[in-house]
Amino acid sequence: MAVALDRIRVGSAPDSWGVWFPDDPLQVPWQRFLDEVAEAGYEWIELGPYGYLPTDPARLKDEVSRRNLKVSAGTIFCGLHRGPSEWDSTWEQVSRVASLTQAMGAKHLVVIPSFWRDDKTAEILEPPELTTEQWGHLTRGMERLGHEVRERYGLDIVVHPHADTHIDTEEHVERFLDSTDSDLVSLCLDTGHYAYCGGDSVKLIETYGERIGYLHLKQVDPEILADVVKNEIPFGPAVQRGVMCEPPGGVPELGPVLTAAQNLGVDLFAIVEQDMYPCDPDKPLPIAVRTRRFLRSCGA
């Protein structure tokens, strides 16, 4: 019998409907996403890319509440490793997203580092390894961001290790955690991205449990991943090959991850994401229904 995961709050996100951009003809309309995520049995959602869902708080509150949905987090991207010159443009984005996130009653802001390799073209934008000076900019910048976002909006930032960014592998994630203030910076552990980059989610939860502030539940197909790694395929094309797969068909096993998270003894969101951009508009709902059923079988 599955352990009762009473500290885990399960949700989904626009990402699981193939949504990566605020506006894209290959994506499902936002109304359909909201209708289907509710139909699939989820109670919590993320905002996704800012501008995909309505950005007027009153309208968005109406749209989510009449579908019995609630918002868990907003998301921003930033390149704070480039130094203090990045702050103003970062804060301009943060203030928009954090304001809407706060208005929706959510308490978390997911922070994704900028990509060193272009998601679509595979162009190398920056070296994949940061210099010592850049690590300093990154860690101090994230601490400042954590402080400012909490002071002004009452939100906690959760930094999301991500493929093709500078916070990706176990080595980089541990260096980032060891170099940042635990009171200001927590982690959004994405089980799929961490596995994609060779990391062990259960080990990370058991080792750095006090730093885990949020979860993204995702799996990778190990056979496709092996080919991706061997041929140095960028993340965008890897997704089109199906590297992020439907649970429970991939790695890591989500049952042990959820049990390890439950054992931390704190309330955690666990938001399902299965990267599928671009996808047939009829593909996401059946997967979402099956995934919700699978997570219930795990006790979530």
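Reckoned from all heavy atoms, side chains included, excluding hydrogens, waters and symmetry mates.
- Among Arg211, Glu143, Arg140, the one residue that satisfies the side chain to side chain donor-acceptor pair (under 3.5 Å) test with Thr180 is Arg211.
- Here the closest heavy-atom approach between residue Ala300 and residue Val10 is recorded as CB-CG2, 3.6 Å.
- Tyr208 and Asp178 share a donor-acceptor pair across their side chains, judged by distance under 3.5 Å alone.
- Contact between Gly209 and Leu264 at its shortest, heavy atoms only, is CA-CD2, 3.6 Å.
- When side chains are defined from C-beta on, His172 counts as touching Glu129, because their heavy atoms get closer than 4.5 Å.
- Taking the six-membered ring where the residue is Trp, His216 and His160 present perpendicular rings, their angle passing 60° and hence far from 30°.
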Would you check, one step at a time, whether the test side-chain hydrogen bond (donor to acceptor under 3.5 Å, both in side chains) holds for Tyr42 with Asn68? CA-CA 9 Å; Tyr42 294 96; Asn68 296 312; over 6 Å; no

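- Nearest heavy-atom pair across Leu155 and Ala106 is CD2-O, 3.2 Å.
- Under the 3.5 Å distance criterion, with hydrogens and angles disregarded, a donor-acceptor pair is assigned to the side chains of Trp20 and Asp15.
- In this model, no donor atom of one side chain and acceptor atom of the other lie less than 3.5 Å apart for Thr75 and Tyr50.
- For His162 and Phe235, the ring centers sit closer than 6.0 Å to each other.
- A salt bridge is defined here as a Lys NZ or Arg NE, NH1 or NH2 lying under 4.0 Å from an Asp or Glu carboxylate O, and Glu126 with Arg82 meets this definition.
- When each of Leu26, Asp24, Val239 is checked for a side chain to side chain contact (heavy atoms under 4.5 Å, CB included) with Pro278, only Leu26 meets the rule.
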